[in-house]
Amino acid sequence: MPLVWIIAIILAIAAIGFLLGRRRVLQAVQGDRRKLHSLPNYYGSNVLISALVPALLLLIIWLTLQPIYVNSLVSSGLSVSDLEQAASPDLVMAEIRRTADGLELAVASGTMTEDLARDPGADITEVAEGLQEAGSIVTSAVTQPILRAAQQYRAIMGTGYTMMFWAVVLMALGGAFWGLRNARPDYRARHTVEQAIRALLVAAASIAILTTLGIILSLIFNTIEFFRLYPATEFFFGTNWAPSFSGRGGASDLGVLPLLWGTFYISIVALTVAIPIGLFAAIYLSEYASPRVRAMAKPALEVLAGIPTIVYGLFALLTVGPLLMKVFGPDALGIMQAGTAVMTAGLVMGIMLIPFVSSLSDDIINAVPQAMRDGSYGLGATKSETIRKVILPAALPGVVGAILLAASRAIGETMIVVLGAGAAARLSLNPFDAMTTVTAKIVSQLTGDADFASPEALVAFALGMTLFVITLGLNIIALTIVRKYREQYD
Amino acid sequence: MYDTQNKESALSQDDIKISARNVQVYYGDNHAIKDVNVDIEDKTVTAFIGPSGCGKSTFLRCINRMNDTIDVARVEGDILLDGENIYDPKVDPVQLRAKVGMVFQKPNPFPKSIYDNVAYGPRIHGLARNKAELDEIVERALKRGAIWEEVKDRLTAPGTGLSGGQQQRLCIARAVATEPEVLLMDEPCSALDPIATAQVEELIDELRQNYSVVIVTHSMQQAARVSQKTAFFHLGNLVEYDDTDKIFTQPEDPRTESYITGRIG
Amino acid sequence: MTEASFDSQGAPARKRTSLTVTDERTKARNRAETRFRAYGVAAICVGVFFLIVLAFSIIRSGLPAFTQTVVAVDFQLSQQDFDEAEAQLFKTKAYEGFLIEAIRGKLEERGLEADFDAGAIERLLGKPGSTLREHYRANQQDLGQEVYFQLAAASRVDGYLTGRVTRDTLQDSRFLQMSDLDLIDELVAVGVITRSFNWNFITGADSGVDDPGGAGIGASVIGSFFMMLVVLVLSLPIGVAASIYLEEFAPQNWFTDLIEVNISNLAAVPSIVFGILGLAVFIQFMHLPQSAPLVGGLVLTLMTLPTIIISTRASLKAVPPSIRDAALGVGASKMQAVFHHVLPLAMPGILTGLIIGLAQALGETAPLLLIGMVGFVARGNPEGIVAGFTEPNSAMPAQIYTWASRADPGFYEKAWGGIIILLIFLLSMNVLAIILRRRFERRW
């Protein structure tokens, strides 16, 4: 029973409930709606909500919990010998799930009978043939224990889904009847419906908290897992980053320092580009530019902010890198070995951050009251003196906040460094060396066929944790400063 | 230095400090000041009165070219300061404003220390050769702003932490610190309570000894109390300009009479 | 100059200077002013300059992706030739022979003499024989008629025509030899090798790592489309509901503060962290299918929600309180006042914010890479609506990234071309947002 159908049935029950509830209450007052406490639609909606909400909640909970439950049930049924030659329990489970999906597909496409798919004593070659014929990808040869586990998995899942279907439909019907019983003229349906809507609104608003919680939990659990396999001190204080590709365990050096250094170096280059340009652009736009120039230059800069980072990444890799090579490369100054380097990524990231710095600073400079400017002009100060000695000092906290936000953006930026900075982790002072960053390594450790139980993959979560803590700290400080600043002039 | 002073002192023989001739101001399409002619005397407090929107503040802002900072404002006619046209293209508004200081409606101390607020003008105009001289200028300005006694122990405290009346006197001290010749005040007491107002009015009377003071005010009582000359503006026109006593006792124009007796405005 | 004697506080005598003479100090200050202003102009110019360089390099490098080099020949095959070829052992070789003859004929028409063999044709065209054979086996009625064939040329021929491969950089290899270049020049002269619009780039799917010519962005456009559908369907109701709660109903308490702090911080969390969240929660924990647009959409929804909530709240705040008071005044409940009056009035602003949020999500790459939506999984168009959400697919920016990180420089051109398509989508969304704002914006 596909999910779409279950949802359609619940919706149908709810819709019928809506109409019935409306009709029942109108009949009770012989069509004189003035005798009702609430508008008729509220009575209908009340039935609709009591049918829909519990049933959908049950559906979601069931869908989340069932795979977890079945997984643990099936994997506990596997004997140790089955796992011996396999890489890890996770991989075995993935294989079992894949086989079960294959069986499902084979039955659906008719290349295999339902009996064969269920038969625990089925001939393994026959099943494998059927699977291949149905077009499902069987990575390694299907072994007997895996096939049996897959059949068990499929059977339990099937029973579970049937149970879920009836439970959900009964829940919806029960809810609808309960709602209908309440469809009496004196029932305060509007209050109930509004309470329910209010609960929905609160739930929607709470998603922000859940997201943060989800981020923190997924980072913490995997980071703890990582530190169980790899010593934390070596991660935090190690100066060498050399994950091994083939082996597992001790062969890798996973020190975060070279990555942090690369991250900060590139961010510093980027901020060195973005802060003066962005700040001067903001000053010019808010203090000097005529309305016409402002109307053209401001959107032009903002276009830079709307361009996806992948575009900047490509720009770094294919335009800026080769350009820098022409000036600093082996044929010219000879201090740059390859197009991907700190300078390349930093420059391009700086361009990306210009509109970020300028629009934030523009807002902040505009928040300085006109009275400050008048006071300064009235004393015979020139515009630049007014800006340098009155407006900027007054706007300083806000500008610092903006710069911190830009720094956090630079540290968390991924695509530009993945494409523009190179892949080598090194501690070097030469800005024309290739270096790599925390974000680039998260991508490289988690893409491809990584085994999620290995320290080489889990280190990405520790890197993510480091990144999250640093950027969160910067953001909190920056947002606090900016808010304090705004309050000062409100 | 002194010989230039002697040569140019001829200019100041006359008691007329500022004279405006056929001044017109436009804000975009709006004709805000219409053909104003006025002679403002040195060492006198001149009050501009009139109903809201009559152009008195606009005219005041013309005298130190503060209207330059507004994009749509356009000024025609001549305003002479000591016989020199301040709208001459050769005149740098920055130099002009050093001579013609301004105090605003709302106290607007910079978010800096009291000392830095007062030292701001002297610093940008290069009036002090060293720290000692600057200290002296600041102290003198604060004394003339009649606020020295209140703040001398906390010169490094932020100027924004003072009370409203103190802030306004600080702004006056800040304006005085650049040694201006004319002091323009745009409703300097409108944001202050009666006690602070009295203090500032007293200060204005003292400042008259050194400067030509032009004050825009809403309050006719204030004009009567502090000024020697009064100009009445109405709908962008200068209706009447005479000794304060005369304006308030026997105005010539019926509109002036209506205003001071409270029938218009 | 007698005022000093009047001054009770003993000010020094003031020096009288003319206004029309600018003193040295003022001149210096004015020069500083001019310099400062010039810095500002320079900053703006640098910004605009970067924008122009960016636009220029995108267009210059990306446009070639929309055309491809083809070998275009009018080709005629008689029934007799067909039977003859089908009777041979190396059937496709026989077809190639016909093709070579046709091309040689073309050259001779113009009086050009070029020596080339089957090897050269293979280097230029890959294996054209099988294409021809398939065509005639499927369309036997074409036998004896003139058929116009456009055969895609090899990537290096394409590179030679677009300037990526030059006579200086070419090294003889089994892919392309120096002598082939003369042949190419002649074939270009007679119009056999031309460039034609590359529909496959817009509609096709990703190709193998050694076939940049066959790569298309179509499949990942569809992947992006399904992802945006998920984002739209989830983020509009959730974003609006959360904003209404925070703006209209939320009491001042710690819980509201907690939500507020969370939203403003989430808006600044790096996007890759959302990728980690998606990987850990949706794939590892909830076992949703990897590389699926559904998961991508969920991750991007969480990522764009803060932005959408912030802009929606601004739109709600812009509706004046008098509207609410008026509704409450005639006896509407708070809920009715909000849903009947405030929300419809704020809707244009909300939609504008939503479109801008969607545009931001459409360009996002990093989180998609972590949940497996890399380019090479986009091997074909999904079959059906449900498959569109759950089958592995890529998205436009991820596809571009995959191309950019491949070794064959032929893919770089495709990456730039992909960017043009991505930017066209973003541009139209932004234009739509601007139109919405202009058309419906109300100033209170």
Side-chain angles (χ1 to χ4, degrees), chain A residues 64 67 190 194 197-198 200-202 204-209 211-212 214-215 218-219 222 277 280-281 283-284 288 297 300-301 303-304 306 308-311 313-315 317-319 351 354 382-384 405 408 412 414-415 419 439 442-443 446-447 452 461 464 467-468 471-472 475-476 479, chain C residues 29-30 32-33 36-37 39-41 43-44 46-48 50-51 54 57 61 238 241-242 244-246 249 258-259 262-266 268-273 276-277 279-281 284 286-287 302 305-306 333 335 363-366 369-370 374 397 400-401 404 412 415-416 419 422 426 430:
Chain A
T64 323
R190 186 169 56 75
E194 287 190 352
I197 293 178
R198 204 186 151 103
L200 273 181
L201 298 184
V202 177
S206 312
I207 285 185
I209 297 177
T211 310
T212 312
I215 290 175
S218 54
L219 287 175
N222 286 297
I277 297 179
F280 269 110
I283 288 170
Y284 185 80
Y288 285 102
L301 284 184
V303 166
L304 282 177
T309 53
I310 177 76
V311 180
L314 207 63
F315 185 60
L317 177 70
L318 299 179
T319 309
I351 299 173
I354 290 173
T382 62
K383 256 191 172 169
S384 63
L405 280 180
S408 136
T414 310
M415 293 323 291
L419 287 170
T439 51
I442 294 176
V443 170
L446 284 183
T447 50
F452 285 125
F461 292 96
L467 180 70
F468 184 69
T471 51
L472 189 72
N475 292 339
I476 289 175
L479 290 171
Chain C
R29 287 170 62 197
N30 282 339
E33 170 74 18
F36 193 79
R37 196 190 165 102
Y39 296 148
V41 175
I44 298 279
V46 169
V48 173
F50 281 137
L51 184 64
L54 193 58
S57 46
S61 322
I238 296 177
I244 287 180
Y245 177 71
L246 291 175
F249 295 102
L258 185 67
I259 296 176
N262 265 297
I263 289 174
S264 51
N265 279 323
L266 280 179
V269 165
S271 62
I272 187 135
V273 173
I276 295 181
L277 168 78
L279 177 68
V281 173
Q284 285 186 328
M286 288 165 74
H287 292 291
L302 294 184
L305 260 183
S333 69
M335 200 64 83
E364 195 54 64
T365 322
L369 299 180
L370 295 197
V374 281
I400 293 167
Y401 165 70
Y412 293 166
W416 286 115
I419 279 175
L422 177 64
L426 292 181
N430 279 297

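These numbers were taken from a predicted model, which means no experiment stands behind them. So you know, we letter chains A, B, ... as the sequences are listed, proteins then strands, and number each from 1.
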A.B. asks: Flag the one option from C:L277, C:N430, C:V273 with the top tally of heavy-atom pairs under 4.5 Å to chain A.
C.D. replies: C:L277
A.B. asks: If you tally heavy-atom pairs under 4.5 Å against chain A, which of C:G40, C:S61, C:G363, C:S264 wins?
C.D. replies: C:G40
A.B. asks: What part of C:I419 gets closer than 4.5 Å to chain A, counting heavy atoms only: side chain, backbone, both or neither?
C.D. replies: side chain
A.B. asks: Assess the pair A:F280 and C:F36: is the distance between their ring centroids shorter than 6.0 Å?
C.D. replies: yes
A.B. asks: By a 4.5 Å heavy-atom criterion (distance strictly below it), what part of C:L51 contacts chain A: side chain, backbone, both, or neither?
C.D. replies: both
A.B. asks: Hey, which of A:I209, A:T414, A:T382 has the most heavy atom pairs under 4.5 Å with chain C?
C.D. replies: A:I209
A.B. asks: When only pairs under 4.5 Å are counted, which of A:T212, A:L200, A:T471, A:L472 shares the most heavy-atom pairs with chain C?
C.D. replies: A:T212
A.B. asks: Let me know if A:R198 has heavy atoms under 4.5 Å from chain C in its side chain, its backbone, both or neither.
C.D. replies: both
A.B. asks: Below 4.5 Å, heavy-atom pairs only: which of C:I263, C:L54, C:V269 has the largest tally toward chain A?
C.D. replies: C:L54
A.B. asks: In terms of heavy-atom proximity below 4.5 Å to chain C, should A:I476 be classed as side chain, backbone, both, or neither?
C.D. replies: both
A.B. asks: Select, from A:I351, A:I354, A:L419, the one with the greatest count of heavy-atom pairs under 4.5 Å involving chain C.
C.D. replies: A:I351
A.B. asks: Look at A:I310, A:I442, A:L467 and state which one has the largest set of heavy-atom pairs under 4.5 Å with chain C.
C.D. replies: A:I310
A.B. asks: Are C:I400 and C:W416 packed together at the side-chain level, in the sense that at least one heavy-atom pair is separated by less than 4.5 angstrom?
C.D. replies: no
A.B. asks: Should C:L279 and A:F461 count as side-chain neighbours, where that means a heavy-atom distance under 4.5 Å?
C.D. replies: yes
A.B. asks: So which of A:I197, A:T309, A:L219, A:T439 has the biggest tally of heavy-atom pairs under 4.5 Å with chain C?
C.D. replies: A:I197
A.B. asks: What are the two closest non-hydrogen atoms of C:V281 and A:G214, and how far apart are they?
C.D. replies: CG2-O, 4.4 Å
A.B. asks: Do C:E33 side-chain atoms and A:K383 backbone N/O form a donor-acceptor pair below 3.5 Å?
C.D. replies: yes
A.B. asks: Report which part of C:L369 has an atom under 4.5 Å of a heavy atom belonging to chain A: side chain, backbone, both, or neither.
C.D. replies: both
A.B. asks: Any non-hydrogen side-chain atom of A:I207 less than 4.5 Å from a side-chain atom of C:L302?
C.D. replies: yes
A.B. asks: At their closest point, which heavy atom of C:Y412 faces which heavy atom of C:A404, and how far apart are they?
C.D. replies: CE2-O, 3.3 Å
A.B. asks: Between A:A208, A:S218, A:G412, A:S206, which has the largest tally of heavy atom pairs under 4.5 Å with chain C?
C.D. replies: A:A208
A.B. asks: Can you tell which part of A:I283 gets under 4.5 Å to a heavy atom of chain C, answering side chain, backbone, both or neither?
C.D. replies: side chain
A.B. asks: Find out whether A:T211 and C:L305 are in side-chain contact, i.e. whether some heavy atom of one side chain is under 4.5 Å from a heavy atom of the other.
C.D. replies: no
A.B. asks: Only pairs of heavy atoms separated by less than 4.5 Å count here; which of C:P306, C:G47, C:S57, C:P270 has the most with chain A?
C.D. replies: C:P270
A.B. asks: Is A:I215 close to C:I276 at the side-chain level, that is, under 4.5 Å between some pair of heavy atoms?
C.D. replies: no
A.B. asks: Ignoring hydrogens and geometry, is there a side-chain-to-backbone donor-acceptor pair from A:N475 to C:A268 under 3.5 Å?
C.D. replies: yes
